[in-house]
Every structure is written in structure tokens, then in C-alpha cells.
Amino acid sequence: MRLDPQIRDFVLFPIVIIVFLVSVIRHYLFSIIPSQKPAVDKDTQREQQLLIRSNRICKNANMVSKSSLISRQPFFLEETNGELNQDSKQKPLAMSMMFDPSMMTNMMKGSMGNMIPQVVLGQLISYLFKGFLVVKLPFFLPARFKTMLQQGIGLSSLDSSFVSSLSWYFMVYFGLRGVIDLLFQAKDAIAHSYFSPIREQKRQTQVPRPAPVSASTPSLGNMGGTDKKDTLRNEKENWKMIDHFFEIQNSELELIGKPVNKEKVVKNQTANKTQIPKKNKSQNKNMKSTTPKNRKRNAKKKK
Amino acid sequence: MNKNLQILKNKPNNWKAARGLLREYREKQQRNSYEIMKYGLPLIKKNSKRLSKEELFEVMEQVFLAGLDVNLEESNALLLKLQKQFPKSLRVTKLSGLFEEAMGHWKNAQIIYQSILKDNPSDQIAQKRLVCISKAQGNTKLTIQNLNKYLSHFQGDTEAWEELLDLYLSQQCYSKALFCCEELILAEPDNYQHHYQIANIYYTIGKRSDLIKARQYYAHSIKLLEEQNLKSFYGLYLTTNKLKTLFSRNLNQSETQINEQLLQFAKDKIKKFYLQKEDNNTKTTVLELLEIDN
């Protein structure tokens with residue numbers, strides 16, 4: 001079965017050319033419209049940095065001694081004043097933000113800028129090139145795809161790998177994305193200095209992934225405005241998961257070929273889970289226990 | 001050596017190599033001011049038409065920054081050009097602040113940065129430069145205060161922690177320096193230099209438990225990098241030696257054995273390193289000293 005040369009000349013190639021030109025025009029258009037920098041306010045910035053540091057500490061806690069870890073805990077975890085027990089001051093993405101002009105341009109460029117031309121072109125192409133088959137896909141597709149891929153053709157018994165121009169459009173669209181990236185790669189290869197806005201954005205957006213939130217705390221992800229309060233509290237999960245073992249002590253044993261300590265309790269270093277130091281009244285006093293059993297024992301000792 | 005640099009040594013007028021070299025330096029954010037000035041300035045003056053507009057101004061900024069180290073006049077000229085091209089740009093204002101700093105006009109620089117902060121209170125660079133001004137003026141105490149204030153806001157800034165570490169070490173506040181060094185290790189656990197640094201601090205403090213920690217951190221630094229890390233081997237040797245001579249009473253038998261083995265290990269490695277080298281004074285001296293048994 002051969003493809004009609006007229007279909008090939010007036011359908012296949014034009015679709016490719018159209019998609020290519022639209023992509024190129026869109027690329028230049030976006031580079032002309034300047035993207036507004038989302039203004040990070042001071043509180044958000046401070047919290048982002050706090051989370052980065054907290055994350056790093058929890059991740060690499062085994063590289064420092066237990067006492068160092070304990071000395072950092074009150075700053076983060078103390079009941080009233082610890083950083084991770086505060087309400088997050090980050091402003092939630094309320095609906096009113098959507099109409100802020102700087103956010104508008106960003107959003108337009110982001111999702112809409114890609115979606116709208118795609119939808120419009122798709123409609124255009126399925127209108128212009130309707131009613132005939134264009135390509136035969138080299139792989140077999142189940143029958144359910146027929147309605148999607150054979151728009152405008154009413155043959156229910158036709159093999160599902162024969163598709164209409166719309167599906168050819170989709171294939172070309174996704175295929176040419178890689179080619180377009182390669183084409184404009186040389187242009188974007190100019191390295192950027194420390195002061196350029198691209199580097200600044202990279203520095204600002206180093207926000208770590210939030211701690212795994214347990215099932216008990218309902219969270220709507222990025223959509224909800226109410227749960228932004230707890231971004232800092234959710235980080236506490238990371239701290240609870242630290243199982244500290246001072247790994248550095250093994251390095252010297254490795255150098256001389258001795259068997260290493262894995263999780264054993266080593267002298268001067270306890271391998272317990274981290275505990276938040278409580279402010280006990282009797283912390284500094286003599287720690288003799290005074291339960292009834294021990295009272296008797298102590299009384300006997302005195303004698 | 002860098003491929004582009006090699007080409008430029010032979011043919012200094014090769015604009016492609018110059019552009020490539022400058023791109024590399026921008027990508028890796030290296031501060032080779034002399035080379036940037038030497039090859040970047042002709043690129044701007046003679047071959048400016050070969051660069052796209054966007055890149056031309058990036059190169060101008062790069063050469064400007066290099067000129068702050070080597071040639072202030074050229075920097076001034078470049079700054080004027082940039083100001084003419086981008087009159088109300090925040091980025092160029094920061095550069096003008098840097099220029100004032102390089103000239104030593106601290107008051108002017110402070111005014112510039114504070115005006116930047118009035119309009120953009122979350123600007124990181126301006127806040128950092130204010131700390132740098134107090135450091136450049138030599139006022140260590142004030143710098144430490146300002147840096148602490150900066151760090152309370154930007155806790156993830158590794159560079160700033162390094163700077164604070166240096167400042168504390170210069171003031172011999174070893175416990176605070178330890179805290180900063182731990183921050184560095186927590187931030188970059190694979191960097192052998194941080195482990196070496198913290199081992200140095202522990203060795204300097206010098207109590208028994210600190211010496212053991214120092215020994216462990218030296219060992220870890222060696223584990224991370226063995227090739228060009230002779231200083232860690234020296235550290236290990238010195239620590240184990242000190243433990244052996246000063247604290248031999250306080251170590252139980254297994255610890256003494258570990259210590260002895262590490263001492264021998266460090267000694268052998270240092271010897272091996274020097275035996276590979278050509279004969280010179282250092283070599284003979286070191287080998288003699290190593291032979292002296294304490």
C-alpha cells in the first residue's frame with residue numbers, strides 16, 4: 001500500500017513546517033517578553049534558608065559528634081522558641097496573586113504559552129486536513145485508540161494503526177521539541193556570571209524537598225493556603241528520623257585494616273536516637289533515684 | 001593546561017579561543033583576573049562585533065570584575081559604558097558599588113548598597129557586600145557581628161560560614177570556630193578540606209578527647225583523598241605522636257595499639273612520599289626526623 005504523493009506533499013510536510021515555524025516564533029517571542037522575577041520577600045527567604053540548613057544537618061548528622069548535634073537541636077526544636085515550632089510566615093499563593101501583573105506574565109509564559117498554541121493549532125489542523133488517513137503507525141494499537149486517532153473517519157473495521165492528520169501533528173510536535181532545543185542550544189550556551197538574574201534564580205530556588213509528611217497531617221500540596229503555616233513544623237519529621245552514629249570513628253580503623261564498629265555502643269559515644277534536652281529542674285542536682293525500691297536500698301547502704 | 005589557554009599562548013589574537021576561555025571562566029566562576037584582563041580586553045576593544053550583544057555585555061562585566069583586581073582605569077571606563085547602556089539597572093548599580101569598594105571609598109559604597117536594600121530588601125549580594133566592607137576596613141569585631149547577623153538570615157550560605165570560621169580562628173575562639181567548621185562539614189560532607197580543617201582545630205585545642213577526634217578526622221580526610229593530601233598525613237602523624245607521648249597513661253591497651261598502628265601508617269606514607277622525590281634538603285631532613293624514635 002503506497003501513500004498518495006499528494007497527501008505526502010500537501011499534508012505531511014506542511015504540518016511539519018507549520019509546527020516548526022510556530023515553535024521558532026514562540027521561542028523568539030518569549031525571549032522578547034521579559035520574565036518578571038518573582039519577588040522573594042525577606043521572611044520567605046529566611047525560611048527557605050532555614051529549611052536548607054535543617055535538611056543538611058539531618059542528612060549528614062553522622063559526620064559530626066553527638067554533642068554537636070545536640071547543641072544544634074534547641075535552635076530548631078525547642079518548645080516555644082525553636083525555629084521549627086514557629087508558624088511559617090510564607091505568604092500562600094492566594095487567588096489574588098493570580099492577577100498580580102508580574103505573576104500573570106510568568107504564568108502566561110509558563111503553562112498557557114505552551115498550551116494555547118498547541119490547542120489552537122490542533123483544532124486548526126484537524127479542521128483543515130480532515131477526512132483522510134495520513135500515516136500508518138509501525139506498531140499495533142488496541143481498538144480503543146481508534147476514536148482518538150482516526151477523527152473524522154467513520155470506518156469501524158479499519159486497522160487502528162492508520163491514523164489521521166491530528167495524530168501526525170501530535171507526533172511531529174513532540175518530535176520537533178528535541179530538534180528545537182538543539183537548534184537554540186548554541187544561542188543559550190553563553191555562560192552567565194555571578195550577577196546575572198539566571199544565576200540568582202538558581203541560587204534562590206535551592207529549596208529542598210519538604211520532609212515526608214505522615215498520613216495524619218492533611219496537606220493540599222502547593223494549592224492550599226492554610227497549610228503553609230506548617231511548612232516549618234513538617235521539617236521536624238526529618239529530625240525525628242536521625243539515628244546518629246559517629247561515622248568518622250570508623251575511618252581510622254579502616255586505614256589500619258581493623259574491623260569497623262557498625263552500630264555498637266562505643267565508649268564516650270552513645271548511639272541512641274536523638275532526644276530533645278528537656279529543661280529539668282533536677283538536671284544539675286544529684287541524680288540519685290528515690291523510687292520506693294531504691295529508698296529501701298539506700299537506707300540499707302547507709303547502715 | 002586549559003586548551004583555550006594553550007592556543008592563546010601561541011596565538012594571542014585568536015578571538016575564538018579568547019571567547020571560549022572567558023566562557024569557561026564564567027561557567028566555573030573562576031577569578032583568574034590577570035588572564036581575563038589580558039585576553040578579554042582585546043576581545044571587547046577589537047572583536048566586539050563577533051560577539052552577540054548579550055554575550056558582549058557579559059564579557060564586559062567579566063572584564064570589569066577582573067579589572068577591579070588588576071587595572072582600575074579600564075574598569076572605570078567599562079563601568080561608564082555599562083551605565084550608559086543600562087541606566088537604571090540594579091545589576092549595574094551593584095557593579096558600581098563594587099567599584100567604589102575597590103577604590104577604597106567605603107562610605108560611598110555603603111550608601112550605594114543601602115539604597116539598593118531600600119528598594120530590594122531581600123537582595124543577598126548587597127547584604128553580603130556590606131559585611132565585606134567592614135572586613136576590608138579591618139574591623140574584625142564589627143565584621144563578626146555583621147556576619148552573624150547575615151548568617152542568621154542566610155543560614156545556608158556555605159561561603160559565609162567559611163568566612164566566619166576564618167574570622168574566629170584569627171581571634172582564637174576555637175569553640176566557635178568548631179561550630180562553623182561543623183556547619184561546613186554538614187553542608188559539604190565529601191569535601192576533604194573541611195575535615196582537615198576541623199581536625200586542625202581539634203588538634204590545636206589539644207585535650208585528650210580532642211586529640212582523638214582530630215586523629216579520626218585526619219583519617220577521614222585521608223580516606224576521602226589520599227593523593228595530594230600529604231598535610232593530613234602530617235596531621236595524623238603529629239596527633240598520634242602527641243597522644244603517644246603525652247597521654248600514654250590515659251589510653252587503654254586496645255587504644256594504644258590503634259594509636260601505634262596509625263602512627264606507623266602515617267610515618268610509612270610520609271616516608272614513601274618523600275622517597276619518590278628527588279634528593280634535596282627537605283627530603284633528607286624529613287627522613288632523618290622520621291627516623292628519630294620518640
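Chain letters run A, B, ... following the sequence lines, proteins first and then strands; every chain starts at 1.
- For the atom pair A:Y194 OH and B:Q29 CD, the distance stands at 7.5 Å (nearest 0.5 Å).
- Within the 4.5 angstrom heavy-atom criterion, atoms from both the backbone and the side chain of B:L262 approach chain A.
- When heavy atoms are compared at a cutoff of 4.5 Å, B:Y217 approaches chain A by way of both its backbone and its side chain.
- Neither the backbone nor the side chain of B:S221 comes within less than 4.5 Å of any heavy atom in chain A.
- If you measure heavy-atom distances from B:E226 to chain A, you find no contacts under 4.5 Å at all.
- Put simply, of B:E24, B:K223, B:E58, the one with the most heavy-atom pairs under 4.5 Å next to chain A is B:E58.
- Atom CD of A:E254 and atom CD1 of B:I222 lie 12.0 Å apart (nearest 0.5 Å).
- Of the two parts of B:E55, the backbone and the side chain both hold a non-hydrogen atom closer than 4.5 Å to a non-hydrogen atom of chain A.
- Other residues, nucleotides and ligands contribute only 12 or fewer heavy atoms inside 6.0 Å of the NZ atom of B:K176.
- Side-chain contact, A:Q49 with B:H153: no donor N or O sits under 3.5 Å from an acceptor N or O.
- Heavy-atom pairs under 4.5 Å with chain A peak, among B:I185, B:I258, B:L224, B:L95, at B:I258.
- The shortest distance between side-chain heavy atoms of B:P189 and A:K59 does not fall below 4.5 Å.
- Heavy atoms of A:S196 lying under 4.5 Å from chain B belong to its backbone as well as its side chain.
- Atom CG of B:L236 and atom CG of A:L255 lie 7.0 Å apart (nearest 0.5 Å).
- Remark: A:R72 is positioned above the aromatic ring of B:F179, its terminal NZ or CZ atom under 6.0 angstrom from the ring centre and at most 45 degrees off the axis.
- Looking at B:E188 and A:R56, their side chains never come closer than 4.5 Å, going by heavy atoms from C-beta outward.
- Listed options A:A61, A:C58, A:G257, A:S193 were ranked by heavy-atom pairs under 4.5 angstrom with chain B; first place goes to A:S193.
- In the displayed structure, A:F75 atom CZ is contacted under 6.0 Å by more than 12 heavy atoms of other residues, nucleotides or ligands.
- No other option in A:L253, A:I57, A:N62, A:N250 has as many heavy-atom pairs under 4.5 Å with chain B as A:I57.
- With a 4.5 angstrom heavy-atom cutoff, B:R215 touches chain A via backbone and side-chain atoms both.
- Under a 4.0 Å N-O distance rule, the pair B:E183/A:R53 qualifies as a salt bridge.
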In sequence, state the C-alpha distance, the side-chain angles, and the governing distance for B:I125 and A:E200, and then conclude on side chain to side chain contact (heavy atoms under 4.5 Å, CB included). CA-CA 9 Å; B:I125 293 181; A:E200 276 203 46; 4.3 Å; yes

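- For chain A, the nearby part of B:Q127 is the side chain; its heavy atoms alone come within less than 4.5 Å.
- Neither the backbone nor the side chain of B:L178 comes within contact range of chain A; no heavy atoms are under 4.5 Å apart.
- Contact detail for B:R91 and A:P197: the closest heavy-atom pair is NH1-CD, 3.6 Å.
- With a threshold of 4.5 angstrom between heavy atoms, B:L98 approaches chain A through side-chain atoms but not through N, CA, C or O.
- Between the OG atom in A:S251 and the NE2 atom in B:H195 there is a gap of 8.0 Å [rounded to 0.5 Å].
- Between the CD1 atom in A:I248 and the NZ atom in B:K213 there is a gap of 11.0 Å [rounded to 0.5 Å].
- A side-chain N or O of A:S68 and one of B:E182 form a donor-acceptor pair less than 3.5 Å apart.
- Between the CD atom of A:Q45 and the CG atom of B:D123 there is a distance of 8.5 Å, given to the nearest 0.5 Å.
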* **side chain to side chain contact (heavy atoms under 4.5 Å, CB included) assessment of A:F246 paired with B:Q216** => CA-CA 10 Å; A:F246 186 49; B:Q216 290 167 345; 3.4 Å; yes

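- For the side chain to side chain contact (heavy atoms under 4.5 Å, CB included) with A:H192, the lone residue among B:E54, B:E27, B:E61, B:R26 that qualifies is B:E54.
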